[in-house]
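Have a look at the structure below before the remarks.
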Number of protein chains: 2
Amino acid sequence: MATILDVAREAGVGVGTVSRVINGRERVAPDTRARVLKVIERLEYSPNQSARSLSMGRTDAICVLVPFLTSASVNARLQGVVEALRSSGREVTLRVADTPEQRDQAIAAIVGGSKPAGLMVISLPLSEVTIAELRSAEVSTVAIDVALPGVPSVTVDDVAGGKLATQYLLDRGHRAIGFVGDDDEQKLGFRSSTNRRLGYLQAMADSGLGVQPEYIKTGPFGREVAHRLTRELLSLEDRPTAIFAASDTLAFGVLESVAAHGLSVPEDISVIGFDDVELAPYVGLTSVRQPLFESGKLGAAALLSLLDGTDVDDVPLSLTVVERSTVSDR
Amino acid sequence: MATILDVAREAGVGVGTVSRVINGRERVAPDTRARVLKVIERLEYSPNQSARSLSMGRTDAICVLVPFLTSASVNARLQGVVEALRSSGREVTLRVADTPEQRDQAIAAIVGGSKPAGLMVISLPLSEVTIAELRSAEVSTVAIDVALPGVPSVTVDDVAGGKLATQYLLDRGHRAIGFVGDDDEQKLGFRSSTNRRLGYLQAMADSGLGVQPEYIKTGPFGREVAHRLTRELLSLEDRPTAIFAASDTLAFGVLESVAAHGLSVPEDISVIGFDDVELAPYVGLTSVRQPLFESGKLGAAALLSLLDGTDVDDVPLSLTVVERSTVSDR
DNA sequence: ATCCGTTCTGGAAGCGGTTCCAGAATGCTC
DNA sequence: GAGCATTCTGGAACCGCTTCCAGAACGGAT
């Protein structure tokens, strides 16, 4: 492997000059530059990243921080991120934090250790002080699926999405609409289920409809939990005619539960999900679609331009309901 | 951030000694070690990875090399890998190579650049010379879902799997069995489809059955292609009563195509897939199951012990058919 | 011709580790 | 108590880059 010294010697210049042409920030005489470039080409020189990092006190990698990989939606976003980052030639490091401790540890490693050039946060809420740390460590950050104050974020309006889903059911004549979602208090502080429920409540209120408290069921995340919650919903005296699940994963649990109850969808009960994950079309689930893969691509593109020095704004993404076969008119 | 010099000064020892206690290979007097350890604790010292890498000429990260992220099976394996690697505290870098050029570029970056401590190869065949390069760069490597000569590999026996699937259909009375798979000649050299077809042919031969060449359809990877191939199969004069798809992804395409043809599964035609991806149960696809997530975990564990200095063997994984609702007796 | 301001350039210092070597300390034998 | 082997230890040299500073080269004004 050639080093910068080899290049300098071969080109008859000093190492400083070579460094300057590589980084291209400072000015170098055109012919000197050309000569150095030629030698670099000939020697197939490529700078040693470790040396570079040591000297500059930061890596040029991009770190992708996710709460977990097993979630279909997070996974789809990650795919988009990786796809868009590929062309940049930067190293991509992956950190998963599915507990607050792991999250804090990851942040500590980022700001106090590897100091990546950029950080891509997917779905994981971060505290103000964390964001301040990131900023003072000069780690350019972009968030996807979570609005972080002062950080460009690629998001959808979950409240509007909740309204959309609910209104869709209302438009089809449903009045008794149940909600199945995640608990408000979660260790990692996810807000989307809560916001979608807010939208649900608003839509109901806007239609002049009250909501019985028993129609709203929340629990810790997971399909099995949704299964249980649905059972409770179904054993109500006047059970709802439709259920809005705050995510597709929950909707699948709802669907299972309904089947286990000997009822059929959509004849006996309608179900609408949220996210439109890859599985949804296979199951025929009607769902509020948000562009998952796309969000990853857009987020990564935003991060890349941030690193390029151009400011970027928040990117709002729109929501549509994809009609399939789990909702019927009433 | 404290440096090794701070620790040395504070503990009243030389930097060499601190380095020795950190790395723990060479011997240091017990009380000296204790003293240094205490200072490290107090100063919350953690070694600068860039400096370490520069000095040692290698990173302590683990690189995961995949052909693409969008494949459900590769994705599931990756999840297992990340899960198992998490506890190691090592940085995980992700490289995707979906063309031979990208693969070669990734390898060049690995052996000539970042020099990670370990490399986890998922599903991607590598040439002998590549493997030699890796070895001479002292990058410990473990492969998953692909047998690399001289590299510990976590694999299933695809030929046996092909036989298993075919025998399952034969046992249910099918005699006219079609095969839908990937082309043999693929740019990245995947072998599993070919091997599964070999198993299919063997099973047929073992039962004294011949196979009409038109029953075997292959094409470039993808669900749409499977769709087309199936159409060809279905328009045959004496069309098969069952189809073995070399992967679940292909099987989904087969299923779509059958439906588009106005036929129903399994009444008119049976279908069996391979892999048992996350989607399979939702679609009710009968499939040859291989432990995807598990393979990732095992591979990562093997890599970790390799890095620990303990030799590891190949890990063979077993196959079972998961009966669902796409195969019926004949 | 001299002087001054620009532009360019060489190279030393520094980033924070590892490793090697020489010397100090220790323990043992005779 | 001297001599020797063994264990420990300090610190310089080095890894390959960036950055800063001082000086060279050059052009224009006087």
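In what follows, chains carry the letters A, B, and so on, assigned in the order in which the sequence lines appear, proteins first and then strands, with residues in each chain numbered from 1.
- For D:dG10, one of the phosphate oxygens OP1 or OP2 lies less than 4.0 angstrom from a side-chain nitrogen or oxygen of B:T17.
- Note on A:S50: nothing from the nucleic acid sits closer than 4.0 angstrom, heavy atoms only.
- Contact annotation: side chain of B:R58 to base of C:dG17, donor-acceptor pair absent below 3.5 Å.
- Among the atoms of the strands shown, none is found under 4.0 Å from any heavy atom of B:S53.
- Residue whose closest nucleotide on DNA chain D sits further toward the 5' end, between B:A29 and A:M1: B:A29.
- Between B:S55 and the phosphate of C:dG17, there is no side-chain N or O to OP1/OP2 separation shorter than 4.0 Å.
- As a whole-Å value, the separation of A:E26 CD from C:dT7 C1' is 12 Å.
- As a whole-Å value, the separation of B:Y45 OH from C:dG16 C1' is 7 Å.
- Rounded to whole Å, atom P of C:dG17 lies 19 Å from atom CD of A:Q49.
- Atom CD of A:Q186 is surrounded by more than 12 heavy atoms from other residues, nucleotides or ligands within 6.0 Å.
- For the pair A:E278/A:N75, no side-chain contact is recorded, criterion being any heavy-atom separation below 4.5 Å from C-beta on.
- OP1 or OP2 of C:dC15 has not a single side-chain nitrogen or oxygen of B:N48 nearer than 4.0 Å.
- Each of A:M56 and A:V28 was matched to the nucleotide of DNA chain C holding its nearest heavy atom; the match closer to the 5' end belongs to A:V28.
- Checking the phosphate oxygens (OP1, OP2) of D:dC8, no side-chain nitrogen or oxygen of B:R20 falls inside 4.0 Å.
- Mapping A:V13 and B:L54 onto DNA chain C via the closest heavy atom, the residue that lands nearer the 5' end is A:V13.
- Counting to the nearest Å, the P atom of D:dT7 and the CG atom of B:D31 are 17 Å from each other.
- Taking atom CZ of residue A:R25 and atom C1' of nucleotide D:dC20, one finds them 15 Å apart after rounding to whole Å.
- Here the nucleotide nearest the side chain of A:I4, chosen from C:dG16, D:dT18, C:dT18, is D:dT18.
- For the pair B:D60 and B:R52, the salt-bridge criterion is not met [side-chain N within less than 4.0 Å of a carboxylate O].
- Taking atom CD1 of residue B:I22 and atom C1' of nucleotide C:dG17, one finds them 8 Å apart after rounding to whole Å.
- Atom CD of A:Q102 is surrounded by more than 12 heavy atoms from other residues, nucleotides or ligands within 6.0 Å.
- Between B:F190 and B:F68, the angle of the ring planes lies from 30° to 60°, which puts this pair in the tilted group.
- Heavy atoms of B:T3 sit under 4.0 angstrom from primed sugar atoms or phosphate atoms, though from no base atom.
- The number of heavy atoms from other shown groups lying within 6.0 Å of CG (B:D313) does not exceed 12.
- Look at CD1 on A:I40: it is 10 Å from P on D:dC17, rounded to the nearest Å.
- Residue-to-nucleotide contacts include no donor-acceptor pair under 3.5 Å from the side chain of A:R9 to the base of C:dG10.
- Contact check, A:R27 against C:dC8: a side-chain N or O comes under 4.0 Å of OP1 or OP2.
- Regarding B:N23, its CG atom lies at a distance of 11 Å from the C1' atom of C:dT19, rounded to whole Å.
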